[in-house]
Amino acid sequence: MKKTVLYAAVSAITLFMFAACSTEKEFNKEFLYSGNGKWYCAQYPISGTTHRIYDIYKSDGTGKSWDIDDDMTEADALPFNWTLSGETLTRNDYTEEGVPVYSTYKVSELTATTFVYSGGGRTYSWTKSN
């Protein structure tokens, strides 16, 4: 009887441990930098207003970003570093003064044409651009 109770307890604990574990999605990071690596977000929220942003991701973990609603062009783009591990995107963007701004996001979709992630209570939807 004691063995049966012990086996039942061990089984229940094991089942609970597996149920409590969640598997993180894996995304193909090559989609980020394939082609020209250029992405466009039509509704990027900045300080209470919506901006149109371009990002370019490179295979070496670097990139650049510019805000066309702030009269920026690709020549004015600000650099960033990035990593994608599982569904976690980390970015280290640099301000015009060179100050790093570290951010972490949760990726929910990454295909050859669509890139969606969330963080800070917001969701960002990007489309591949020419």
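Given the structure is predicted, the values throughout are model-derived calculations rather than measurements. Just so you know, these numbers use all the heavy atoms, side chains as well, and skip hydrogens, waters and symmetry mates.
- Taking hydrophobic clusters as Ile, Leu, Val, Met, Phe, Trp and Tyr residues chained together by side-chain heavy-atom distances below 4.5 Å, Met72 shares a cluster with Tyr40.
- Aromatic rings from Tyr124 and Phe115 are positioned such that their centres are separated by 6.0 Å or more.
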Go through Val116 and Thr123 one step at a time and tell me if the side-chain contact (heavy atoms from CB on, under 4.5 Å) criterion holds.
-> CA-CA 7 Å; Val116 180; Thr123 299; 3.7 Å; yes
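- When all heavy atoms of Asp67 and Arg52 are compared, the pair lying nearest together is OD1-O, 3.4 Å.
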So Trp82 and Tyr33, side-chain contact (heavy atoms from CB on, under 4.5 Å) or not? Walk me through it.
-> CA-CA 11 Å; Trp82 67 273; Tyr33 53 81; 3.8 Å; yes
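- Pro100 approaches Asn92 most closely through the heavy-atom pair CB-OD1, 3.3 Å.
- A donor-acceptor contact shorter than 3.5 Å is absent between the side chain of Glu87 and the backbone of Glu24.
- Distance CG/Leu89 to OG/Ser118: 10.5 Å, rounded to 0.5 Å.
- Both Leu84 and Tyr105 are part of a single hydrophobic cluster, where members link through side-chain heavy atoms under 4.5 Å apart.
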Worked check of side-chain contact (heavy atoms from CB on, under 4.5 Å) between Leu110 and Asn28 | CA-CA 7 Å; Leu110 177 57; Asn28 183 352; 5.9 Å; no
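- Checking Trp126, Trp39, Tyr44, Trp66 one by one against Tyr54, the ring pair (Phe, Tyr, Trp, His ring centres under 6.0 Å) holds for a single residue, Trp66.
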Give the C-alpha distance, both sets of side-chain angles, the deciding distance and a yes or no for side-chain contact (heavy atoms from CB on, under 4.5 Å) between Phe80 and Leu78.
-> CA-CA 7 Å; Phe80 65 84; Leu78 298 173; over 6 Å; no
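- By the 6.0 Å contact criterion, CD on Gln43 is open, its count of non-hydrogen atoms from other residues, nucleotides or ligands being 12 or less.
- Atom NZ of Lys106 has 12 or fewer neighbouring heavy atoms from other residues, nucleotides or ligands inside a 6.0 Å radius.
- Atom CZ of Arg91 is separated from atom OG of Ser103 by 7.5 Å, given to the nearest 0.5 angstrom.
- Classification of Lys58 and Asp60 as a salt-bridged pair fails, no side-chain N sitting under 4.0 Å from a carboxylate O.
- Annotation: side chain of Thr104 is in contact with side chain of Thr88 (closest heavy-atom distance under 4.5 Å).
- In this structure a side-chain-to-backbone donor-acceptor pair under 3.5 Å is present from Lys128 to Ser34.
- Minimum heavy-atom separation, Cys41 to Ser125: SG-O, 3.5 Å.
- Asp93 CG to Asp55 CG: the interatomic distance, rounded to the nearest 0.5 Å, is 7.5 Å.
- Side-chain heavy atoms closer than 4.5 Å link hydrophobic residues (I, L, V, M, F, W, Y) into clusters, and following such links, even through other members, never connects Ile53 to Tyr94.
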